Asker: 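Let me give you the structure first, and then I'll get to my questions.
No experiment lies behind these values; they were computed from the predicted model shown. Atom set for the values below is all heavy atoms of this structure, side chains included, hydrogens, waters and symmetry mates excluded.
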Amino acid sequence: MLRSSRRSRYRLSVAAALALLLPVGAEENPHALVRFRLRADPARVVQAWVMEYGEQGMRVREMAADRSRRVSWDELLEGDRRLIRRRLKLELTELEKKGLVEGVRLRLKGGAHLDGLLIKIDADGAHWLLRGGSRLPYPKDRIESTEPVLVAEADVYPDDELYRLLVERWQPRTAERHRKLGEVLYGAGDFVHARKHYEEAVRLKPSWKWTLEPTLQRLRALARDKRLAAALRKSRKLSRLDHDFSGARALLQRHLHDGAGGSRLVLRALDEIDALEHDEQARVFHDKKRRAAHRLIDDFLRKKKPSHAEALAWARTDLAAAIRRRLMKQMGIDEATFSELAKNRPGGSAHWATYGTGSFIHDPFAKRGIAGRGEIAGDPESWWVQYTDVARRAAYLRAYAVEKNPELFEMVRAYYKPCSGCGGKGVKQHTAARSVRAIGGRHEWWQACPRCFKCGRDRVVAYR
């Protein structure tokens, strides 16, 4: 009897605890359990279930008082508001807003490249990419190098997975969210779902009818003409994923005269392909420019074996002209096209070059001396003779060329790394092995760091 009574009391206590934790009303399903503080009473922490939420605020059920109330976002402290909105997916990251995902670019032997989402690298070294809704393997022997790149989600995920991902992200409950989701789906080529969300936005907010009517007319035309819709989607993937701009244009040219509405859509898609091709040409140009600079600097150092002053003079005066001649010959372009492509600098991952142990020559902080410890203990020509490694000299000369040729290179930023020899101090402390009686203790002295010559840091240049 005693054991059964204890068991019954335990069950009652568990039931009471669950009754306090779970919201009242079986018809209501809470979205999340949150904790927040109000501006009016910042010392009090409220723990509650989120029953409903939107752009204006949320309806919560407080656990302690067991009552429902509405809380606007302005009533919460800023930190709690930001955390709760992010948890409820009311605030998105910049990549999510733009529909981008962090992918990878595979550079294949022969000059081609492929963009996609890296799924895995198998035991044989093959890279599996998710692109165009398909999972494709690329053998290791075909890949020259890889680099990170931002890829559009519409060019990566399958249609059904992309739609599920976007609905989960945008949470379309209001007219504004339905409209935004419709815009994203329209840009991704999902015309059927885009039309549904635009119509739902108009239903929830009838004042938008005349604003969204032109877009709805285009979507209705695409819903009727399945061939045109398929051609637009296929041309988008050809141009964005495979960089087959001529094939994408030829596909669209067949539908150029399919009615006035179809013609306008095709012309808009052709303009987008022209812009993509121009950006791709600029990307190829800057990639070839960087590779040409690497080869020219390496060849100059190996063949000429210049002094430090001669190397700097060549990088400052002759390197740009040599790059110009080589690229004009490789790409078959004239002076005007070269100048135009040099000005069009697409974004992307930056490359870097470092002065390394020669940072003391060009670091403006180093030229003033380190915290009153005297002048820089180094000579440029002596350093150049000491470090004869071509790779070290080439990185040093690239960093210098980037800073001295702004018409060719875009310097993203210059940052610094502490010297590995002295930890950024510029000097190294030495202590005698035995005590010196004349001083009355251990004999200590300071010596300039033989690696950085009192500079204390390596100057690194990030560039495109």
Asker: For Leu251 and Ser235, work out which heavy atoms get closest and say how close.
Answerer: CD2-N, 3.8 Å

Asker: Taking the six-membered ring for Trp, is the centroid-to-centroid distance between His193 and Tyr163 below 6.0 Å?
Answerer: yes

Asker: Within the 4.5 Å heavy-atom criterion, are Arg131 and Leu117 side-chain neighbours or not?
Answerer: no

Asker: Mind checking whether Asp190 and His197 have side chains closer than 4.5 Å, heavy atoms only?
Answerer: no

Asker: Whether Arg105 and Asp115 form a salt bridge (side-chain N of Lys/Arg under 4.0 Å from carboxylate O of Asp/Glu) is what I want to check.
Answerer: yes

Asker: Do the ring centers of Phe300 and Trp314 come within less than 6.0 Å of each other?
Answerer: yes

Asker: Is the number of heavy atoms from other residues, nucleotides or ligands under 6.0 Å of Trp73 CH2 greater than 12?
Answerer: yes

Asker: Say whether Glu75 and Ser72, considering side chains only, have a donor N or O and an acceptor N or O under 3.5 Å apart.
Answerer: yes

Asker: Give a yes or no on whether the backbone of Phe245 and the side-chain of Ser239 come within a donor-acceptor separation of less than 3.5 Å.
Answerer: no

Asker: Would you call the rings of Tyr186 and Phe191 parallel, tilted or perpendicular if under 30° counts as parallel and over 60° as perpendicular?
Answerer: perpendicular

Asker: Looking at Tyr53, does the NZ or CZ of Arg173 lie under 6.0 angstrom from its six-membered ring centre and within 45 degrees of the ring axis?
Answerer: yes

Asker: Are any non-hydrogen side-chain atoms of Gln253 and Val266 less than 4.5 angstrom apart?
Answerer: no

Asker: Kindly say whether the aromatic ring centers of Trp383 and Tyr396 come within a distance under 6.0 Å.
Answerer: yes

Asker: Determine, for Arg218 against Glu213, whether the closest basic-nitrogen to carboxylate-oxygen distance falls under 4.0 angstrom.
Answerer: no

Asker: Could you check whether the rings of His243 and His113 sit parallel, tilted or perpendicular, using 30° and 60° as the cut-offs?
Answerer: tilted

Asker: For His308 and His362, take the angle between the two ring planes, folded into 0 to 90°, and tell me which bin it lands in: parallel under 30, tilted 30 to 60, perpendicular over 60.
Answerer: tilted

Asker: Take Glu78 and Arg37 through the test salt bridge (charged side-chain N to carboxylate O under 4.0 Å, His left out) and record every step on the way to the result.
Answerer: CA-CA 9 Å; Glu78 183 179 355; Arg37 292 165 296 171; over 6 Å; no

Asker: Tell me whether Arg451 is salt-bridged to Asp458, with the criterion being a basic N under 4.0 Å from an acidic carboxylate O.
Answerer: yes

Asker: Using distance alone, with no hydrogens and no angle criterion, decide if His286 and Arg464 have a side-chain donor and acceptor under 3.5 Å apart.
Answerer: no

Asker: Under a 4.5 Å cut-off applied to non-hydrogen side-chain atoms, are Asp274 and Arg249 in contact?
Answerer: yes

Asker: Would Arg291 and Asp287 pass as an ion pair if we require N to O under 4.0 Å?
Answerer: yes

Asker: Does Tyr355 have Arg459 sitting over its ring (NZ/CZ under 6.0 Å from centre, angle to axis within 45°)?
Answerer: no

